Structures are given as structure tokens and as C-alpha cells.
Trainee: 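Dropping a structure here in C-alpha cells format, bear with me for questions.
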2 protein chains.
Amino acid sequence: MNSYDILISHDIKPSVQRLAILEYLYAYPTHPTADEIYNALSPSIPTLSKTTVYNTLKLFTLNKVAQAITIDEHTEHFDGDTSVHAHFLCKKCGKIYDATIKGETIPGEDKFKDEGHIINEAYLYYKGICKDCQK
Amino acid sequence: MNSYDILISHDIKPSVQRLAILEYLYAYPTHPTADEIYNALSPSIPTLSKTTVYNTLKLFTLNKVAQAITIDEHTEHFDGDTSVHAHFLCKKCGKIYDATIKGETIPGEDKFKDEGHIINEAYLYYKGICKDCQK
DNA sequence: GTGCTTGCAAATCGTTTGCAATAGC
DNA sequence: GCTATTGCAAACGATTTGCAAGCAC
């Protein structure tokens with residue numbers, strides 16, 4: 001399914017800006033920030049404003065086209081993969097790595113459900129020093 | 001062990017402000033923000049400044065006396081319990097609930113370790129609607 | 001032409017920084 | 001007295017808001 005149809009299927013009206021941002025998220029699954037996306041797309045869409053990038057990412061997040069990663073305390077990162085998966089942040093280089101969760105249960109989930117809470121989102125964050133930064 | 005000894009054992013020089021903040025974290029394990037702590041302690045310590053609260057919480061976090069909870073995208077919350085445990089944020093009332101993890105493995109951890117990354121911190125966040133807000 | 005989208009500029013707000021005053025051994 | 005801590009005011013920076021202009025059906 002292409003970006004255009006993905007937006008349609010999530011009830012989002014496609015536009016040049018929205019398509020470009022979504023395609024960027026798929027092309028560069030490095031969990032970019034709003035700023036990084038803006039800087040990357042700005043040359044090809046000179047009239048693009050940062051406000052639009054923020055608006056679009058918020059829209060994507062609300063409509064489950066992307067998810068916001070708040071592993072970094074200073075900036076929000078975005079991920080075009082909306083599945084529940086673990087993220088590892090290297091505190092030295094700032095890079096974020098992924099790990100899929102294949103059918104594993106996440107600790108605490110059952111306890112919260114048993115208590116009567118409704119869970120809509122789950123996030124798993126690890127922090128440390130990545131392989132490359134240990135050299 | 002009292003607050004004074006806890007600071008000593010973590011190589012932090014006790015002071016009126018530091019003791020008050022640590023005791024607040026223990027007395028009110030509701031994951032307060034720097035602002036909430038400042039507002040709560042300000043009446044009893046009129047000269048207290050918000051800078052000191054921020055400085056102290058950062059010091060506590062670095063020395064593992066407290067942990068920073070970044071589940072809320074707008075503000076940092078703090079927890080006097082430094083063990084790895086799950087947090088649930090109610091998107092309606094903003095309350096944060098705890099769940100302990102008793103010996104359970106956290107998905108993704110092994111994969112990151114296998115890849116050669118060194119994990120120092122782990123966070124588990126859930127978001128949804130809490131029991132009270134469903135009524 | 002109506003309603004949604006865009007984008008500039010200004011505002012917001014949690015947090016950090018510079019630096020002088022203060023406190024504690 | 002020397003060093004670490006405190007706290008005010010100003011700076012900072014990511015994100016949001018107000019609003020006017022533009023676009024699409």
C-alpha cells in the first residue's frame with residue numbers, strides 16, 4: 001500500500017506536505033524529530049513551515065499513522081511503525097534502535113488491566129551505550 | 001533508613017532543601033513534577049527557588065536516588081522508587097499508577113544485549129483511561 | 001464559495017544557564 | 001577562608017497558538 005492510500009485509509013486527506021512527511025518516515029526509519037523532518041524536506045518543499053510539520057505529526061499520531069517516541073527528554077521522535085516495539089536510546093550518540101516484540105507479554109500490563117484501567121498504548125524504552133559507542 | 005542517611009550513602013551532601021525534596025518524594029509517591037514539588041515545599045521553605053528543585057532532582061537522578069519518568073510528553077515526573085517498574089498514565093486525569101515487575105523479563109532486552117548494546121535503564125509506560133475516569 | 005490546510009510571527013512554558021549571594025565545614 | 005549550594009533573573013528551545021492567506025472540491 002502506498003502513502004496516498006495509507007492516508008486515505010486513516011481518514012486523512014492527502015496533501016503534498018502530508019505525503020512527503022509520511023514518505024520520509026518510511027524512507028528514514030531512524031525516528032526523526034520534527035526538526036529533522038523539516039530540515040530534510042525544506043529543500044524540496046521550500047514553502048514548508050515547521051508548524052505544518054508539527055501539525056501533521058500530531059495528526060498522524062492521533063490517527064495511528066505514526067507514533068510519538070518520548071524516550072529522549074528534550075525532543076519528541078517519530079516512528080512510522082505504529083506497532084508496539086521496544087526502543088533503545090544510546091546516551092552517547094543519541095541513536096535510537098528498535099526491537100520487535102513477537103507475542104511476548106509486557107510486564108505490568110495484566111496488573112493494570114486487573115485494576116480496571118483501559119490500556120491504549122504501550123511503550124518500552126531502554127537507555128545505555130550502543131555497540132558502536134563502546135569502541 | 002532515613003532520608004539523611006540515604007543521601008549520605010549516595011554521596012550527596014544533605015541540605016535542608018535536598019532533605020525536604022527527598023522526603024516529599026517518599027511522602028507523596030504520586031510522581032510529582034518539579035513544579036508540584038516547588039509549590040508544595042515553598043510555604044515551609046519560603047526562600048526555596050525552582051532552580052534548586054531542578055538542580056536537586058537532576059542530582060538525585062544522576063545518583064540513583066530518584067528516577068525521572070518521561071511518560072508525559074510535556075513535563076518530567078519524578079519517582080523516589082528507583083527500581084524498574086511499569087507506569088500507567090491516565091490521559092484524562094493525568095494520574096500515574098505503578099505496577100511492580102517481579103522477576104519478569106522485559107521484551108526486547110535480550111535482543112538489545114545480543115546486539116552488543118549496554119543497557120543501563122529500562123522504562124515501561126502504558127497510557128489509557130484509568131478506572132476512576134471511566135465512570 | 002465553503003471548509004480545510006498551510007505557514008508566518010508571536011506566545012508559551014518547562015527547563016537551563018550565568019552569576020552573585022550565602023551557608024557550612 | 002574555601003568550596004559547594006542556593007536562588008534570582010535572564011536565556012533557551014521545543015512546541016503551540018492566533019490568524020490571515022491559499023488551496024481543493
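These numbers come from a predicted model, not from an experiment. Naming convention: chains lettered A, B, ... in sequence-line order (proteins, then strands); numbering from 1 in each chain.
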Trainee: Among the candidates C:dT15, C:dT6, D:dT15, find the nucleotide nearest to the side-chain atoms of B:A34.
Mentor: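 Among C:dT15, C:dT6, D:dT15, the one nearest the side chain of B:A34 is C:dT15.
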Trainee: Between A:Q17 and D:dC23, is there a side-chain N or O to OP1/OP2 distance below 4.0 Å?
Mentor: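 Answer is no, no contact under 4.0 Å.
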Trainee: A:N55 has an atom CG; how far is it from atom C1' of C:dC8, in whole Å?
Mentor: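 Rounded to the whole Å, the gap is 12 Å.
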Trainee: Rounded to the Å, how far apart are B:L41 CG and D:dG7 P?
Mentor: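 Checked: the CG to P distance equals 11 Å.
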Trainee: Looking only at heavy atoms, which two atoms of B:Y126 and A:P107 are closest? And how far apart?
Mentor: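 Reported closest heavy-atom pair: OH-O, 3.0 Å.
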Trainee: Tell me every residue that passes salt bridge (Lys or Arg N to Asp or Glu O under 4.0 Å) with A:E121, counting only those two or more places apart in sequence or in another chain.
Mentor: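 B:K91.
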Trainee: B:K58 side chain N/O closer than 4.0 Å to the phosphate oxygens (OP1, OP2) of C:dT16?
Mentor: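 Answer yes for this pair, as a side-chain N or O of B:K58 is under 4.0 Å from OP1 or OP2.
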Trainee: Starting the side chain at C-beta, find the nucleotide from D:dT15, C:dT16, C:dT6 nearest to A:T52.
Mentor: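 When the side chain of A:T52 is considered, C:dT6 is the closest of D:dT15, C:dT16, C:dT6.
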Trainee: Nearest whole Å is fine: how far is C:dG14 P from B:I37 CD1?
Mentor: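 About 14 Å, once rounded to whole Å.
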Trainee: Heavy atoms, side chains only, cut-off 4.5 Å: are B:F60 and B:I12 in contact?
Mentor: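 The answer is yes; the side chains approach within 4.5 Å.
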Trainee: Among D:dT6, C:dC8, C:dT6, which nucleotide has an atom closest to any side-chain atom of B:S15?
Mentor: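 Nucleotide nearest to B:S15's side chain: D:dT6.
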Trainee: Within the structure, does a side-chain N or O atom of B:K50 lie under 4.0 Å from either OP1 or OP2 of D:dA9?
Mentor: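 No.
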Trainee: If you go through the side-chain atoms of B:T51, does one of them form a donor-acceptor pair with the base of D:dC8 closer than 3.5 Å?
Mentor: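 In this structure, the two groups form a donor-acceptor pair.
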Trainee: Figure out the OH/P separation between A:Y38 and D:dG13, and round it to whole Å.
Mentor: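 Rounded to whole Å, this separation is 17 Å.
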Trainee: From CZ of A:R18 over to P of D:dC23, roughly how many Å is that when rounded to an integer?
Mentor: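 Distance check: A:R18 CZ to D:dC23 P gives 15 Å.
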Trainee: Just checking B:T47: base, sugar-phosphate only, or nothing, at a heavy-atom cut-off of under 4.0 Å?
Mentor: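 Touches sugar-phosphate only.
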Trainee: Taking NE2 from A:H74 and C1' from D:dG13, how many angstroms apart are they, rounded to a whole number?
Mentor: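 One finds 11 Å between C1' of D:dG13 and NE2 of A:H74, rounded.
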Trainee: OP1 or OP2 of D:dT16 sitting under 4.0 Å from any side-chain N/O of A:Y54?
Mentor: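 A:Y54 to D:dT16 OP1/OP2: no side-chain N or O under 4.0 Å.
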Trainee: Of B:T33 and B:V16, whose nearest nucleotide on DNA chain C comes first from the 5' end?
Mentor: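 Nearest-nucleotide comparison on DNA chain C picks B:T33.
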Trainee: So how far is it from A:H87 NE2 to A:D98 CG, rounded to the nearest 0.5 Å?
Mentor: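 Reported value, rounded in 0.5 Å steps: 4.5 Å.
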Trainee: Check B:E104 with B:K102, please: is the shortest side-chain N to carboxylate O separation under 4.0 Å?
Mentor: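 Yes, this pair counts.
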Trainee: Under 4.0 Å between a side-chain N or O of B:T75 and OP1 or OP2 of C:dC13?
Mentor: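 B:T75 to C:dC13 OP1/OP2: no side-chain N or O under 4.0 Å.
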Trainee: Whole Å only: how far is the CD atom of A:E73 from the P atom of D:dT15?
Mentor: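 Whole-Å distance recorded here is 13 Å.
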Trainee: Just how far, in rounded Å, is P of C:dC13 from CG of B:D72?
Mentor: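 Value for this atom pair: 14 Å.
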